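This report refers to the structure that appears directly beneath it.
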Amino acid sequence: PGNLRRVTSPHDRLLALLAERSVRRGTFTLASGRTSNVYVDARLTTMSPDGLATIEIGLADWELAKNYAAEMAIKADIRETLKVLVPALKAKGGAALEKRAAERIKSIAPRNWSARRAEALERGVGVIAKNYASSAAKGKLTEDAVATRMGLLQPSTDLSCLAECDLVIEAIYENMDAKLELFARLDATVKASALLASNTSYLDIERMAQATRRPGQVMGLHFFSPANVNRLLEIVRTPSVADQTLATGVALAKRIGKLGVVVGNAYGFVGNRMLAPRQREADKLILEGALPWDVDRVLEAFGLPMGPFRMRDLAGMDIGWNRTGSRSSTVREILCEQGRLGQKTKCGYYDYDAARKATPSPVAEQVVLDFAAREGYVRRAVSDEEILERCLYPMVNEGARILAEGIAERASDIDMVWTTGYGWPTFTGGPMHWAEEVGLRHIVARLRHYESLYGADFTPSSGLVEMGSVTTT
């Protein structure tokens, strides 16, 4: 699949795609390294939109594998001994790398961290141990396997222990100055052939690359939370990155069982860039009249595994939050200032019991109501339809911009990011496929409606308007 194809419908596009490739029966290798058996016959012509969308997701995965194999195969440089830096504060993600790729993982807390103490390192290793113990309790790992894997870790607070690593992945907190300083130190520490990568969710990888003497050997490797479970890996292509570096990122993803999607270097890359307008509208909606659990309920009924507020609680309310700079300027800041950081503190937008069962929090509700009053909002009834449209249509709009800017190569790549990394319901085919089913002209019209009410945040992108003008759906 290319960009939003200019044919009459997703159904016709899929049939044309299958006919073009003479697909009838076969086993296809997917981008993650898995295989998928496909059988196609005349029943496709009467298949439901949900069934067609599910098949298209499988074809999108196949398309990733086919394209990357052709472009990257001869350039990849994956060594049998792969040593990786996984800093302590996000050390639970190290399990994903250690699982298949790393002979040794050096989990370190660099001395220039604010959380540089040995306790932070111990806490990170403890999270890995706890995750493995949970897997063992469920029968997924033997006790011997857990002991073997834990034995692969080499915790240290000494940055010099990374000198002979082939690949170093930093995962410190989201602060550009801190990352630039760390990349400069890593550049001076590791061997000349080593590759450097950032696990940043949003920040400019090219700036980090330019802080080193090896910008061609720097890339983004954005693992999705929880990294030891989530299959998605955004491999960030910068203007300076060498082909071999990027190819190595693609090969690494396959080696460790991840779905690697190459994306451009832009704020939030693909997934989080599209997430931003959804969260923006969700935050506005709870001030205008909805409550966090109203928004979550609507999006969960749509098919997402959790809504934006439950997801924020799960990830940690304090991601990107700094206590010293907090000014009670948003509901989230106030909740963080109160120590309501999400599941890890048993309270955020929701309250959590020992089993992490969520209950709408009266404390959070009062914070929402007080903040809305302070900001002069006159609360009103907000319909489920408005919640859905205001949260999802801007995402499609941003996806069209991402395609126009070349940050994603194909609309199907965006669909793979969202179905794999964020739990977007597979039966819809992903956000861009779903948008075609809804009708691009309809989405443009609804965006213009909200633009008339709320301004430029809803202005349809030129790419979406163009795509909507050439489809009959």
Side-chain angles (χ1 to χ4, degrees), residues 10 48-54 56-58 60-61 201 222-227 229-232 234 259 261 268-286 290-317 319 332 342-343 348-350 352 356-360 364 382-400 402 408 411-438 443 446-447:
S48 70
D50 289 358
L52 289 169
T54 302
E56 181 143 332
I57 283 294
D61 196 332
S201 302
H222 178 211
F223 291 83
F224 279 67
S225 181
V229 176
N230 197 312
R231 290 180 52 240
L232 181 63
E234 283 184 324
L259 179 82
V261 181
F269 315 125
V270 169
N272 283 337
R273 177 168 166 181
M274 289 177 65
L275 183 66
R278 189 186 84 178
Q279 191 64 58
R280 177 195 71 216
E281 291 308 307
D283 287 337
K284 287 181 180 179
L285 285 162
I286 66 172
L291 288 168
W293 26 96
D294 296 324
V295 177
D296 287 348
R297 172 182 53 78
V298 170
L299 293 183
E300 288 164 15
F302 172 74
L304 288 162
M306 63 179 64
F309 298 104
R310 283 216 304 145
M311 187 176 75
R312 191 179 266 175
D313 271 3
L314 175 65
M317 296 274 286
I319 292 179
R332 172 172 164 261
Q343 286 192 14
Y349 291 101
Y350 296 82
Y352 296 88
R356 295 191 175 186
K357 181 181 178 181
T359 304
V382 179
S383 70
D384 290 359
E385 180 183 26
E386 180 179 349
I387 290 172
L388 192 70
E389 290 183 342
R390 284 180 59 181
C391 286
L392 300 191
Y393 289 0
M395 292 178 63
V396 173
N397 201 27
E398 198 64 37
I402 286 169
S412 58
D413 286 4
I414 295 175
D415 289 337
M416 290 305 299
V417 165
W418 270 87
T419 55
T420 305
Y422 295 86
W424 184 284
T426 304
F427 63 81
T428 71
M432 305 313 284
H433 180 90
W434 170 77
E436 291 184 272
E437 290 284 0
V438 170
I443 291 176
R446 295 305 292 164
L447 286 170

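Since the structure is predicted, the reported quantities are computational estimates derived from the model, not experimental observations.
Between Ala364 and Gly348, the shortest heavy-atom contact is CB-O, 3.7 Å. Here the shortest heavy-atom pairing between Ile387 and Leu285 reads CA-CD1, 4.0 Å. Here the closest non-hydrogen pair linking Pro394 and Arg280 is CB-NH2, 4.0 Å.
Evaluation of the side-chain contact (heavy atoms from CB on, under 4.5 Å) rule for Pro360 yields Trp293, Tyr350 as partners, not counting sequence neighbours. By the side-chain hydrogen bond (donor to acceptor under 3.5 Å, both in side chains) test, Arg310 pairs with Glu300, sequence neighbours left out. Partners of Glu389 according to the side-chain contact (heavy atoms from CB on, under 4.5 Å) rule, which considers only residues two or more places apart in sequence or in another chain, are Glu385, Tyr393, His442, Arg446, Tyr450. Not counting sequence neighbours, the partners of Phe302 by the ring pair (Phe, Tyr, Trp, His ring centres under 6.0 Å) test are Trp424, Trp434. The side-chain hydrogen bond (donor to acceptor under 3.5 Å, both in side chains) search around Asn272 returns Tyr422, not counting sequence neighbours.
Within the 4.5 Å cutoff, no side-chain heavy atoms of Met432 are placed close to those of Ser412. Taking 4.5 Å as the limit, every side-chain heavy atom of Asp413 sits out of range of all side-chain heavy atoms of Val270. The side-chain heavy atoms of Val295 and Glu281, taken from C-beta on, include no pair separated by under 4.5 Å. Side-chain atoms of Ile414 and Val261, non-hydrogen and from C-beta on, never get closer than 4.5 Å to each other. Between Pro292 and Arg312 the shortest side-chain heavy-atom distance does not fall below 4.5 Å. Taking the side chain as every heavy atom from C-beta outward, Arg332 and Asp283 never approach each other to under 4.5 Å. Within the 4.5 Å cutoff, the side chain of Met311 has heavy atoms near those of the Leu275 side chain.
Judged by distance alone, the side chains of Asp313 and Tyr352 do bring a donor and an acceptor atom under 3.5 Å apart.
Interatomic distance, CG of Asn230 versus CZ of Phe224, reported as 7.0 Å (0.5 Å rounding). Separating the CD1 atom in Ile402 from the CE atom in Met274 is a distance of 5.5 Å, to the nearest 0.5 Å. Interatomic distance, Asp296 CG to Leu304 CG, rounded to the nearest 0.5 Å: 10.0 Å. Interatomic distance, His433 NE2 to Thr426 OG1, rounded to the nearest 0.5 Å: 11.5 Å.
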### Leu392 vs Leu299, side-chain contact (heavy atoms from CB on, under 4.5 Å): CA-CA, chis, key distance, verdict
CA-CA 9 Å; Leu392 300 191; Leu299 293 183; 4.0 Å; yes

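Applying the salt bridge (charged side-chain N to carboxylate O under 4.0 Å, His left out) test to residues at least two apart or on different chains, the pairs with a partner in residues 269-279 are Arg273-Glu398, Arg273-Glu405.
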